[in-house]
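Here is the structure we will look at, set down as structure tokens.
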Amino acid sequence: MPNLKQLEVSRQGYGAMGLSSVYGAADDAESTRTLHRAIDLGINFFDTATGYGAGHNETLLGRALADKRKQLVIASKFTHRQGGADAPVLSPRQAVEASLKRFSFDFIDLYYLHRVDLQIPIEESVGELGKLKDEGKIGGVGVSEASADQIRRANATYPLTALQSEYSLWTRGVEAEILPTVRELGIGFVSYSPLGRGFLAGSEVIDPNDRRHQHPRFKPDAIAANSRRRETIEKVAAKLGANIGQISIAWVLSKDVVPIPGTRFIPHLESNWAANDIQLDAASIAELEDVFAIGTTVGERYPEDGLRMVPREPVNA
Ligand SMILES: NC(=O)c1ccc[n+]([C@@H]2O[C@H](COP(=O)([O-])OP(=O)(O)OC[C@H]3O[C@@H](n4cnc5c(N)ncnc54)[C@H](OP(=O)(O)O)[C@@H]3O)[C@@H](O)[C@H]2O)c1
């Protein structure tokens, strides 16, 4: 079982963002069945955030997971300015209190700073989260999408349990500086969007309200260019009798980090979990990494306003 400091988590966690209709419409009853199936499969690590569905996601998880609460590791995240740059500043304490209320829990296992605020030093944010851990309101302090320098500064202020950042075959920028830094400091690494927001599992973007329409990598030209490279995943998948989503997750698992793929549906969940049994040989890993070399994905990973809040991924497009 991977270990995020004192938190024992399953090899894969479950990312709940899509249960708040971010990537196409979600239905709470179906989502609840999917969450319960995740527990049955052996998943104990659930990821949400205050911003997913403006609180809907935390409320849904609080309800669906309450019966098994004690055996689970539940993580959430907050930003100081929830409604965008002009929103009033929210303190970590206010954020944690509001999350606890939505969950109807008295404790959150891991609480992240979702984005480093452009005006509040990371030491201040993490120092406040550290106080909440010392008081027993949260079990670990995390940061998401911090740079190597910010991670060092944060960890010197209060020992971090985990960094959560985007990491998948088509988003490998963390390998340069960020992964080596968390390994050196003994901080756990949680890989979000391990399926490339569905692209690396062959998911189609159909719903007009799907947020991926705003992402440069999901514009038609980028899809066309990146799809050609996806054929290499298909080739490896055919060789191993797996599907491409499983190969994409197996590649992330081969890096000894904890992926948190998201899905609304039980069949996808079961398929993703089965990636735990796939052993990628060195030749397949080399073939995949050659085609998905750092900086070769066409299109930035966020729209312009989102890009200002994350370390820059090298890009050729
Ligand atoms: N820290 C951050 O800033 C941040 C940012 C983004 C995400 N996250 C976290 O990371 C989690 C996962 O990331 P993500 O949801 O962005 O992307 P992801 O896990 O890479 O991909 C999710 C997408 O893939 C589809 N999918 C999943 N399994 C599939 C399968 N077996 N076959 C076909 N399609 C499949 C899902 O659609 P279906 O529902 O149709 O299966 C969904 O559209 C989130 O839920 C969230 O908790 C964190």
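Numbering of ligands and ligand atoms starts at 1, following listing order. What you are looking at is a predicted structure, and each value in this text was computed from that prediction instead of being measured.
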message: As a check for students: among Tyr112, Tyr167, Tyr192, identify the option with a heavy atom nearest to atom 7 (C) of ligand 1.
response: Tyr192

query: Does Lys77 reach ligand 1 with a nitrogen or oxygen that is under 3.5 Å from one of the ligand's nitrogen or oxygen atoms?
result: no

message: Pair Val236, Glu287 - check side chain to side chain contact (heavy atoms under 4.5 Å, CB included), show working.
response: CA-CA 9 Å; Val236 172; Glu287 197 178 356; 4.1 Å; yes

query: In ligand 1, which numbered atoms sit nearer than 4.0 Å to a non-hydrogen atom of His114?
result: 1 (N), 2 (C), 3 (O)

message: When you compare ligand 1 with Gly18, is there at least one nitrogen or oxygen pair between them that comes in under 3.5 angstrom?
response: no

message: I'd like to know if Glu145 and Arg301 make a salt bridge, using a cut-off of under 4.0 Å between side-chain N and carboxylate O.
response: yes

Backbone of Thr232 reached by a side-chain donor or acceptor of Arg229 within 3.5 Å: no

Over 12 foreign heavy atoms within 6.0 Å of CG, Asp134: yes

query: Below 4.0 Å from any atom of ligand 1, is there a heavy atom belonging to Tyr52?
result: yes

statement: Check: of Ile260, Leu113, Asp210, min heavy-atom distance to atom 12 (C) of ligand 1 comes from Ile260

task: Could you list the atoms of ligand 1 found under 4.0 angstrom from a heavy atom of Asp47?
output: 9 (C), 46 (C), 47 (O)

field: Subset of ligand 1 atoms that lie under 4.0 Å from at least one heavy atom of Arg264
entry: 38 (P), 39 (O), 40 (O), 41 (O)

query: Arg212 heavy atoms, cut-off 4.0 Å: which ligand 1 atoms fall inside?
result: 43 (O)

- line: protein heavy-atom neighbour closest to atom 22 (C) of ligand 1 works out as Gly262 O, 3.3 Å

statement: Looking only at heavy atoms, the pair that brings Ser168 and Pro194 closest together is CB-O, 3.4 Å

- request: Return yes when Ala16 approaches ligand 1 closer than 4.0 angstrom through a heavy atom, no otherwise.
  value: yes

statement: Residue, atom and distance of the protein heavy atom nearest atom 15 (O) of ligand 1 read Tyr23 CE1, 3.4 Å

query: Is Val182 linked to Val141 within one hydrophobic cluster, defined over Ile, Leu, Val, Met, Phe, Trp and Tyr using a side-chain heavy-atom separation of less than 4.5 Å?
result: yes

- prompt: Heavy-atom count around Arg211 CZ within 6.0 Å, excluding the residue itself: above 12?
  reply: no

- request: Quickly, which of Thr59, Leu65, Leu61 forms a side chain to side chain contact (heavy atoms under 4.5 Å, CB included) with Phe103? Name it, please.
  value: Leu61

query: Counting only N and O atoms by type, is there a donor-acceptor contact under 3.5 Å from the side chain of Arg217 to the main-chain atoms of Trp170?
result: yes

- prompt: With a 4.0 Å cut-off on heavy atoms, does Gly245 reach ligand 1?
  reply: no

query: Going through the distances and angles, do Ser91 and Glu128 end up as a side chain to side chain contact (heavy atoms under 4.5 Å, CB included)?
result: CA-CA 8 Å; Ser91 72; Glu128 290 297 313; over 6 Å; no

task: Report yes if some N/O of Thr48 lies less than 3.5 Å from some N/O of ligand 1; otherwise report no.
output: no

- prompt: Who's the nearest protein heavy-atom neighbour of atom 21 (O) of ligand 1, and how far?
  reply: Gly198 N, 3.2 Å

message: Show the atoms of ligand 1 that are less than 4.0 angstrom away from any heavy atom in Leu195.
response: 18 (P), 20 (O), 21 (O), 27 (C), 28 (N)

query: To the nearest 0.1 Å, how far is atom 38 (P) of ligand 1 from its closest protein heavy atom, and which atom is that?
result: Thr263 OG1, 3.6 Å

Glu135, CD atom: more than 12 neighbouring heavy atoms under 6.0 Å: yes

- prompt: Under 3.5 Å between some N or O of ligand 1 and some N or O of Gly196?
  reply: yes

message: Just to be sure I read this right, does ligand 1 sit under 4.0 Å from the backbone of Ser144, its side chain, both, or neither, counting only heavy atoms?
response: side chain

query: Does any N or O in the side chain of Asn155 come within less than 3.5 Å of the main-chain N or O of Leu160, such that one atom is a donor and the other an acceptor?
result: yes

message: Here's a test for you: under side chain to side chain contact (heavy atoms under 4.5 Å, CB included), which of Thr79, Asp47, Thr161, Leu163 qualifies with Tyr112?
response: Asp47

task: Kindly identify the option in Arg115, Glu145, Gln164, Glu166 whose heavy atom sits closest to atom 3 (O) of ligand 1.
output: Arg115

- request: For Pro194, take its heavy atoms, then give the atoms of ligand 1 lying under 4.0 Å from any of them.
  value: 19 (O), 20 (O)

message: With a 4.5 Å cut-off on side-chain heavy atoms, are Phe45 and Asp109 touching?
response: no

message: For Lys133, I'd like to know if atom NZ has over 12 heavy atoms of other residues, nucleotides or ligands within 6.0 Å.
response: yes

message: Below a 4.0 angstrom heavy-atom separation, can you tell me which part of Asn272, side chain or backbone, both or neither, approaches ligand 1?
response: side chain

field: Nearest neighbour in protein (non-hydrogen) for atom 33 (C) of ligand 1
entry: His268 CE1, 3.5 Å

field: Phe265 N/O under 3.5 Å from ligand 1 N/O
entry: no

- request: Return the residue, atom name and 0.1 Å-rounded distance of the protein heavy atom closest to atom 44 (C) of ligand 1.
  value: Met17 CB, 3.6 Å

